[in-house]
2 protein chains.
Amino acid sequence: MKTYSIGEVAKELNLTVYTIRYYDKEGLIPFVERSESGVRLFKESDIAALNVIECLKASGMPIKEIKNFIDWCAEGDATLQQRYDMFMERKATVEAQMSELRKTMEVIEHKCLYYQTALEAGTEDIHKQENIAASIPGSR
Amino acid sequence: MKTYSIGEVAKELNLTVYTIRYYDKEGLIPFVERSESGVRLFKESDIAALNVIECLKASGMPIKEIKNFIDWCAEGDATLQQRYDMFMERKATVEAQMSELRKTMEVIEHKCLYYQTALEAGTEDIHKQENIAASIPGSR
DNA sequence: ATAAACCTTAGAGTTAACTCTAGGTCAAGC
DNA sequence: GCTTGACCTAGAGTTAACTCTAAGGTTTAT
(Lines give C-alpha, C1' and ligand atoms only; values in the text may rest on other atoms or scores of the structure.)
Protein backbone atom coordinates (compact mmCIF):
# COMPACT_ATOMS: atom_id res chain seq x y z
CA MET A 1 0.00 0.00 0.00
CA LYS A 2 1.33 3.42 -0.97
CA THR A 3 2.34 5.69 1.86
CA TYR A 4 3.36 9.35 2.12
CA SER A 5 5.99 11.18 4.16
CA ILE A 6 5.08 13.96 6.57
CA GLY A 7 6.49 16.49 4.09
CA GLU A 8 4.29 15.23 1.27
CA VAL A 9 1.20 15.26 3.47
CA ALA A 10 2.03 18.77 4.69
CA LYS A 11 2.30 20.02 1.13
CA GLU A 12 -0.95 18.35 0.09
CA LEU A 13 -2.98 19.65 3.03
CA ASN A 14 -1.34 23.06 3.17
CA LEU A 15 -0.03 22.49 6.66
CA THR A 16 3.52 22.66 7.99
CA VAL A 17 5.35 19.54 9.13
CA TYR A 18 5.50 21.24 12.54
CA THR A 19 1.73 21.39 12.68
CA ILE A 20 1.29 17.75 11.76
CA ARG A 21 3.85 16.69 14.37
CA TYR A 22 2.04 18.90 16.86
CA TYR A 23 -1.25 17.15 16.04
CA ASP A 24 0.48 13.82 16.56
CA LYS A 25 1.86 15.00 19.90
CA GLU A 26 -1.66 16.02 20.90
CA GLY A 27 -2.99 12.59 20.01
CA LEU A 28 -5.00 13.50 16.93
CA ILE A 29 -3.39 10.93 14.64
CA PRO A 30 -2.44 7.92 16.81
CA PHE A 31 -3.23 5.57 13.92
CA VAL A 32 -0.35 6.73 11.71
CA GLU A 33 2.15 3.89 11.44
CA ARG A 34 5.93 4.13 11.47
CA SER A 35 8.79 2.54 9.58
CA GLU A 36 11.30 0.48 11.52
CA SER A 37 13.44 3.57 11.96
CA GLY A 38 10.53 5.60 13.34
CA VAL A 39 9.56 7.57 10.23
CA ARG A 40 5.81 8.28 9.93
CA LEU A 41 4.12 6.52 7.01
CA PHE A 42 0.80 8.17 6.10
CA LYS A 43 -1.82 6.04 4.33
CA GLU A 44 -4.57 7.53 2.17
CA SER A 45 -6.99 6.92 5.04
CA ASP A 46 -4.71 8.92 7.36
CA ILE A 47 -4.87 11.85 4.97
CA ALA A 48 -8.66 11.50 4.89
CA ALA A 49 -8.67 11.58 8.69
CA LEU A 50 -6.53 14.72 8.65
CA ASN A 51 -9.07 16.27 6.33
CA VAL A 52 -11.82 15.56 8.85
CA ILE A 53 -9.62 17.07 11.56
CA GLU A 54 -9.18 20.20 9.42
CA CYS A 55 -12.92 20.35 8.94
CA LEU A 56 -13.55 20.17 12.69
CA LYS A 57 -10.89 22.81 13.23
CA ALA A 58 -12.58 25.02 10.61
CA SER A 59 -15.80 24.62 12.55
CA GLY A 60 -14.06 26.18 15.53
CA MET A 61 -13.53 23.03 17.55
CA PRO A 62 -10.48 23.15 19.84
CA ILE A 63 -7.80 20.48 19.45
CA LYS A 64 -8.60 18.87 22.81
CA GLU A 65 -12.18 18.23 21.75
CA ILE A 66 -11.05 16.87 18.41
CA LYS A 67 -8.90 14.47 20.41
CA ASN A 68 -12.00 13.24 22.26
CA PHE A 69 -13.56 12.44 18.93
CA ILE A 70 -10.45 10.59 17.78
CA ASP A 71 -10.47 8.58 20.99
CA TRP A 72 -14.12 7.72 20.44
CA CYS A 73 -13.31 6.52 16.94
CA ALA A 74 -10.74 4.13 18.39
CA GLU A 75 -13.30 2.80 20.88
CA GLY A 76 -15.56 1.59 18.10
CA ASP A 77 -19.33 1.17 17.88
CA ALA A 78 -19.90 1.82 21.60
CA THR A 79 -19.32 5.52 20.95
CA LEU A 80 -21.49 5.95 17.84
CA GLN A 81 -24.07 7.97 19.76
CA GLN A 82 -21.46 10.39 21.15
CA ARG A 83 -20.00 10.91 17.70
CA TYR A 84 -23.40 11.48 16.17
CA ASP A 85 -24.28 13.96 18.91
CA MET A 86 -20.96 15.70 18.41
CA PHE A 87 -21.52 16.25 14.70
CA MET A 88 -25.08 17.43 15.30
CA GLU A 89 -23.75 19.94 17.80
CA ARG A 90 -21.06 21.00 15.32
CA LYS A 91 -23.76 21.53 12.75
CA ALA A 92 -25.58 23.84 15.14
CA THR A 93 -22.47 25.87 15.96
CA VAL A 94 -21.56 26.24 12.29
CA GLU A 95 -25.10 27.42 11.56
CA ALA A 96 -24.70 29.98 14.35
CA GLN A 97 -21.37 31.09 12.90
CA MET A 98 -22.97 31.51 9.49
CA SER A 99 -25.72 33.74 10.81
CA GLU A 100 -23.14 35.71 12.80
CA LEU A 101 -21.09 36.14 9.62
CA ARG A 102 -24.15 37.29 7.72
CA LYS A 103 -24.76 40.01 10.32
CA THR A 104 -21.12 41.02 10.11
CA MET A 105 -21.43 41.14 6.34
CA GLU A 106 -24.43 43.45 6.54
CA VAL A 107 -22.53 45.96 8.66
CA ILE A 108 -19.51 45.78 6.37
CA GLU A 109 -21.60 46.27 3.24
CA HIS A 110 -23.28 49.24 4.88
CA LYS A 111 -19.83 50.68 5.63
CA CYS A 112 -18.75 50.13 2.02
CA LEU A 113 -21.68 52.22 0.84
CA TYR A 114 -21.01 54.82 3.50
CA TYR A 115 -17.42 55.28 2.36
CA GLN A 116 -18.34 55.13 -1.31
CA THR A 117 -20.72 58.05 -0.82
CA ALA A 118 -18.18 59.91 1.28
CA LEU A 119 -15.49 59.38 -1.37
CA GLU A 120 -17.76 60.69 -4.10
CA ALA A 121 -18.52 63.76 -1.99
CA GLY A 122 -14.89 64.14 -1.01
CA THR A 123 -15.84 64.34 2.65
CA GLU A 124 -17.39 62.27 5.37
CA ASP A 125 -19.47 65.29 6.38
CA ILE A 126 -21.95 64.35 3.66
CA HIS A 127 -23.44 61.86 6.09
CA LYS A 128 -23.76 64.37 8.90
CA GLN A 129 -25.37 66.86 6.48
CA GLU A 130 -27.76 64.20 5.24
CA ASN A 131 -28.88 63.46 8.74
CA ILE A 132 -29.31 67.09 9.64
CA ALA A 133 -31.30 67.75 6.47
CA ALA A 134 -33.41 64.67 7.04
CA SER A 135 -34.15 65.76 10.57
CA ILE A 136 -35.56 69.15 9.57
CA PRO A 137 -39.20 68.74 8.66
CA GLY A 138 -40.06 70.25 5.34
CA SER A 139 -36.46 70.74 4.34
CA ARG A 140 -37.18 69.44 0.84
CA MET B 1 -25.13 64.33 27.26
CA LYS B 2 -25.67 60.97 28.87
CA THR B 3 -22.60 58.85 29.44
CA TYR B 4 -22.02 55.26 30.55
CA SER B 5 -19.47 53.64 32.82
CA ILE B 6 -17.15 50.89 31.59
CA GLY B 7 -19.21 48.36 33.56
CA GLU B 8 -22.44 49.41 31.87
CA VAL B 9 -20.85 49.29 28.43
CA ALA B 10 -19.35 45.88 29.17
CA LYS B 11 -22.75 44.51 30.13
CA GLU B 12 -24.43 45.98 27.07
CA LEU B 13 -21.86 44.69 24.57
CA ASN B 14 -21.26 41.37 26.31
CA LEU B 15 -17.61 42.11 26.92
CA THR B 16 -15.65 42.17 30.15
CA VAL B 17 -14.32 45.42 31.61
CA TYR B 18 -10.86 43.86 31.18
CA THR B 19 -11.43 43.51 27.47
CA ILE B 20 -12.57 47.10 27.06
CA ARG B 21 -9.58 48.40 29.04
CA TYR B 22 -7.36 46.19 26.88
CA TYR B 23 -8.86 47.73 23.74
CA ASP B 24 -8.19 51.15 25.20
CA LYS B 25 -4.59 50.16 25.96
CA GLU B 26 -4.22 49.00 22.37
CA GLY B 27 -5.48 52.34 21.09
CA LEU B 28 -8.86 51.20 19.74
CA ILE B 29 -10.92 53.77 21.65
CA PRO B 30 -8.74 56.89 22.04
CA PHE B 31 -11.82 59.11 21.71
CA VAL B 32 -13.42 58.01 24.99
CA GLU B 33 -13.33 60.95 27.39
CA ARG B 34 -12.57 60.87 31.07
CA SER B 35 -13.94 62.53 34.17
CA GLU B 36 -11.60 64.79 36.16
CA SER B 37 -10.65 61.83 38.29
CA GLY B 38 -9.80 59.70 35.26
CA VAL B 39 -12.95 57.58 34.99
CA ARG B 40 -13.95 56.70 31.43
CA LEU B 41 -17.21 58.27 30.26
CA PHE B 42 -18.66 56.45 27.25
CA LYS B 43 -20.96 58.38 24.93
CA GLU B 44 -23.52 56.68 22.67
CA SER B 45 -21.19 57.27 19.74
CA ASP B 46 -18.39 55.48 21.63
CA ILE B 47 -20.64 52.46 22.05
CA ALA B 48 -21.43 52.61 18.33
CA ALA B 49 -17.69 52.66 17.60
CA LEU B 50 -17.20 49.62 19.85
CA ASN B 51 -19.89 47.87 17.85
CA VAL B 52 -17.96 48.54 14.66
CA ILE B 53 -14.82 47.24 16.36
CA GLU B 54 -16.69 44.07 17.34
CA CYS B 55 -17.84 43.72 13.76
CA LEU B 56 -14.30 44.01 12.43
CA LYS B 57 -13.16 41.51 15.04
CA ALA B 58 -15.93 39.13 13.98
CA SER B 59 -14.64 39.45 10.42
CA GLY B 60 -11.31 38.08 11.65
CA MET B 61 -9.38 41.33 11.67
CA PRO B 62 -6.56 41.44 14.23
CA ILE B 63 -6.58 44.21 16.83
CA LYS B 64 -3.51 45.91 15.35
CA GLU B 65 -5.23 46.33 12.00
CA ILE B 66 -8.36 47.62 13.67
CA LYS B 67 -6.12 50.19 15.31
CA ASN B 68 -4.93 51.35 11.88
CA PHE B 69 -8.53 51.95 10.93
CA ILE B 70 -9.18 53.90 14.13
CA ASP B 71 -6.10 56.01 13.43
CA TRP B 72 -7.36 56.68 9.90
CA CYS B 73 -10.71 57.79 11.30
CA ALA B 74 -8.91 60.36 13.47
CA GLU B 75 -7.00 61.64 10.42
CA GLY B 76 -10.20 62.65 8.67
CA ASP B 77 -11.11 62.87 4.99
CA ALA B 78 -7.53 62.34 3.77
CA THR B 79 -7.91 58.64 4.62
CA LEU B 80 -11.33 58.01 3.09
CA GLN B 81 -9.84 55.93 0.30
CA GLN B 82 -7.89 53.71 2.69
CA ARG B 83 -10.97 53.12 4.77
CA TYR B 84 -13.09 52.33 1.74
CA ASP B 85 -10.46 49.92 0.47
CA MET B 86 -10.26 48.32 3.90
CA PHE B 87 -13.98 47.62 4.06
CA MET B 88 -13.99 46.29 0.49
CA GLU B 89 -11.17 43.93 1.44
CA ARG B 90 -13.05 42.93 4.60
CA LYS B 91 -16.06 42.17 2.43
CA ALA B 92 -13.96 39.86 0.29
CA THR B 93 -12.48 38.02 3.27
CA VAL B 94 -15.89 37.56 4.88
CA GLU B 95 -17.20 36.18 1.60
CA ALA B 96 -14.27 33.76 1.57
CA GLN B 97 -15.01 32.75 5.15
CA MET B 98 -18.64 32.12 4.24
CA SER B 99 -17.75 29.83 1.37
CA GLU B 100 -15.24 28.07 3.61
CA LEU B 101 -17.94 27.60 6.24
CA ARG B 102 -20.32 26.23 3.62
CA LYS B 103 -17.75 23.61 2.64
CA THR B 104 -17.23 22.75 6.30
CA MET B 105 -20.98 22.46 6.72
CA GLU B 106 -21.23 20.02 3.83
CA VAL B 107 -18.68 17.69 5.38
CA ILE B 108 -20.37 17.92 8.77
CA GLU B 109 -23.80 17.20 7.31
CA HIS B 110 -22.36 14.25 5.48
CA LYS B 111 -20.93 12.98 8.76
CA CYS B 112 -24.29 13.45 10.48
CA LEU B 113 -25.89 11.19 7.89
CA TYR B 114 -23.03 8.71 8.15
CA TYR B 115 -23.47 8.37 11.91
CA GLN B 116 -27.24 8.32 11.70
CA THR B 117 -27.07 5.34 9.36
CA ALA B 118 -24.45 3.68 11.54
CA LEU B 119 -26.56 4.22 14.66
CA GLU B 120 -29.61 2.69 12.99
CA ALA B 121 -27.53 -0.32 11.96
CA GLY B 122 -25.86 -0.49 15.35
CA THR B 123 -22.44 -0.59 13.72
CA GLU B 124 -20.16 1.51 11.62
CA ASP B 125 -19.45 -1.58 9.52
CA ILE B 126 -22.62 -0.84 7.54
CA HIS B 127 -20.62 1.66 5.53
CA LYS B 128 -17.80 -0.77 4.78
CA GLN B 129 -20.35 -3.42 3.77
CA GLU B 130 -22.16 -0.97 1.52
CA ASN B 131 -18.97 -0.15 -0.30
CA ILE B 132 -17.97 -3.76 -0.73
CA ALA B 133 -21.40 -4.66 -2.08
CA ALA B 134 -21.39 -1.68 -4.39
CA SER B 135 -18.01 -2.67 -5.75
CA ILE B 136 -19.05 -6.17 -6.78
CA PRO B 137 -20.58 -6.08 -10.25
CA GLY B 138 -23.92 -7.84 -10.43
CA SER B 139 -24.28 -8.06 -6.66
CA ARG B 140 -27.90 -6.91 -6.84
C1' DA C 1 30.73 7.01 -0.06
C1' DT C 2 29.39 11.15 0.93
C1' DA C 3 26.55 15.25 0.72
C1' DA C 4 22.02 16.99 0.62
C1' DA C 5 17.66 16.64 1.91
C1' DC C 6 14.87 14.37 4.32
C1' DC C 7 13.24 12.46 8.84
C1' DT C 8 13.20 12.07 14.38
C1' DT C 9 12.56 13.96 19.46
C1' DA C 10 12.36 17.08 23.42
C1' DG C 11 11.61 21.12 24.70
C1' DA C 12 11.83 26.21 24.28
C1' DG C 13 9.81 30.36 22.10
C1' DT C 14 6.13 33.05 19.89
C1' DT C 15 1.79 35.36 19.20
C1' DA C 16 -2.77 37.09 19.91
C1' DA C 17 -6.13 38.21 22.79
C1' DC C 18 -7.36 38.37 26.62
C1' DT C 19 -7.60 37.83 31.95
C1' DC C 20 -6.33 38.75 36.26
C1' DT C 21 -3.80 40.74 40.47
C1' DA C 22 -2.08 44.23 43.38
C1' DG C 23 -2.37 48.39 45.06
C1' DG C 24 -4.64 52.38 44.85
C1' DT C 25 -8.60 56.31 44.19
C1' DC C 26 -13.22 57.89 44.46
C1' DA C 27 -18.37 58.55 45.14
C1' DA C 28 -22.56 57.06 47.42
C1' DG C 29 -25.15 55.38 51.14
C1' DC C 30 -25.61 54.43 56.20
C1' DG D 1 -16.72 59.27 59.03
C1' DC D 2 -16.61 54.95 57.23
C1' DT D 3 -17.63 51.01 54.50
C1' DT D 4 -18.76 49.19 49.96
C1' DG D 5 -18.32 48.70 45.41
C1' DA D 6 -16.95 50.39 41.12
C1' DC D 7 -13.46 52.65 39.02
C1' DC D 8 -8.12 53.34 37.90
C1' DT D 9 -3.04 51.69 36.34
C1' DA D 10 0.92 48.74 35.57
C1' DG D 11 2.25 44.73 34.79
C1' DA D 12 2.12 39.66 35.31
C1' DG D 13 -0.18 35.34 33.94
C1' DT D 14 -2.92 32.38 30.86
C1' DT D 15 -4.31 29.80 26.84
C1' DA D 16 -4.38 27.88 22.31
C1' DA D 17 -2.14 26.73 18.51
C1' DC D 18 1.41 26.69 16.59
C1' DT D 19 6.58 27.40 15.35
C1' DC D 20 11.09 26.73 15.81
C1' DT D 21 15.82 25.02 17.50
C1' DA D 22 19.18 21.70 18.66
C1' DA D 23 21.05 17.55 18.13
C1' DG D 24 20.90 13.69 15.91
C1' DG D 25 19.42 9.60 12.59
C1' DT D 26 18.03 8.04 7.65
C1' DT D 27 17.40 8.04 2.71
C1' DT D 28 18.55 9.35 -1.83
C1' DA D 29 21.19 10.84 -5.67
C1' DT D 30 25.41 11.33 -7.76
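One interatomic measurement links the two molecules: CG of A:N14 to P of D:dT19, which rounds to 12 Å at whole-angstrom precision. Across the protein-nucleic acid pair, A:E33 atom CD and C:dT8 atom C1' stand 18 Å apart, rounded to whole Å. Distance NZ (B:K64) to P (C:dC18): 14 Å, rounded to an integer number of Å. Distance, A:E26 CD to D:dT19 P: 14 Å, rounded to whole Å. The separation between B:K11 atom NZ and D:dG5 atom P is 14 Å, rounded to whole Å. Straight-line distance from the OH atom of B:Y22 to the C1' atom of D:dT15: 13 Å, rounded to whole Å. Between the CD atom of A:E36 and the C1' atom of C:dC7 there is a distance of 16 Å, rounded to whole Å. Separating the CG atom of B:D24 from the C1' atom of D:dT9 is a distance of 11 Å, rounded to the nearest angstrom.
Listed by residue number, A:R40 are the residues of residues 40-60 of chain A with a heavy-atom contact under 4.0 Å to DNA chain C.
Under a cut-off of 6.0 angstrom, the local environment of CD in A:E89 is sparse, with at most 12 non-hydrogen atoms contributed by other residues, nucleotides or ligands.
Of all heavy-atom pairs between B:I63 and B:L28, the closest is O-CD2, 3.6 Å. The shortest non-hydrogen separation linking A:F31 to A:I70 is CE2-CG2, 4.3 Å.
For the 3.5 Å distance criterion, the side chains of B:K57 and B:Y23 qualify, holding a donor opposite an acceptor.
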Summary of protein contacts for nucleotides 21-30 of chain D, nucleotide by nucleotide, where a base hit scores B, a sugar-phosphate-only hit scores S (4.0 Å, heavy atoms): B----SS---
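The side chain of A:S5 places no N or O atom within less than 4.0 Å of a non-bridging phosphate oxygen (OP1 or OP2) of C:dC6.
Relative to the ring axis of B:Y114, B:K111 places its NZ or CZ within 45° and under 6.0 Å from the centre.
Under the 30°/60° scheme for interplanar angles, the aromatic rings of B:F87 and A:Y115 are found to lie parallel.
If you check D:dA17, D:dC8, C:dA17 against the side chain of B:P62, the one that comes closest is C:dA17. Distances from the side chain of B:R34 to the nucleotides D:dT9, C:dA10, C:dC7 place D:dT9 closest. Looking at the side chain of B:Y23, the nearest of the listed nucleotides C:dT8, C:dC7, C:dC18 is C:dC18.
Contacts classified as salt bridge (Lys or Arg N to Asp or Glu O under 4.0 Å) and involving residues 7-19 of chain A (residues at least two apart or in different chains) are not found.
By the rule that hydrophobic residues join a cluster once side-chain heavy atoms approach within less than 4.5 Å of another member, A:L113 and B:M86 end up as members of separate clusters. Both A:F69 and B:L119 belong to a single network of hydrophobic side chains, linked directly or stepwise wherever heavy atoms of I, L, V, M, F, W or Y lie under 4.5 Å apart.
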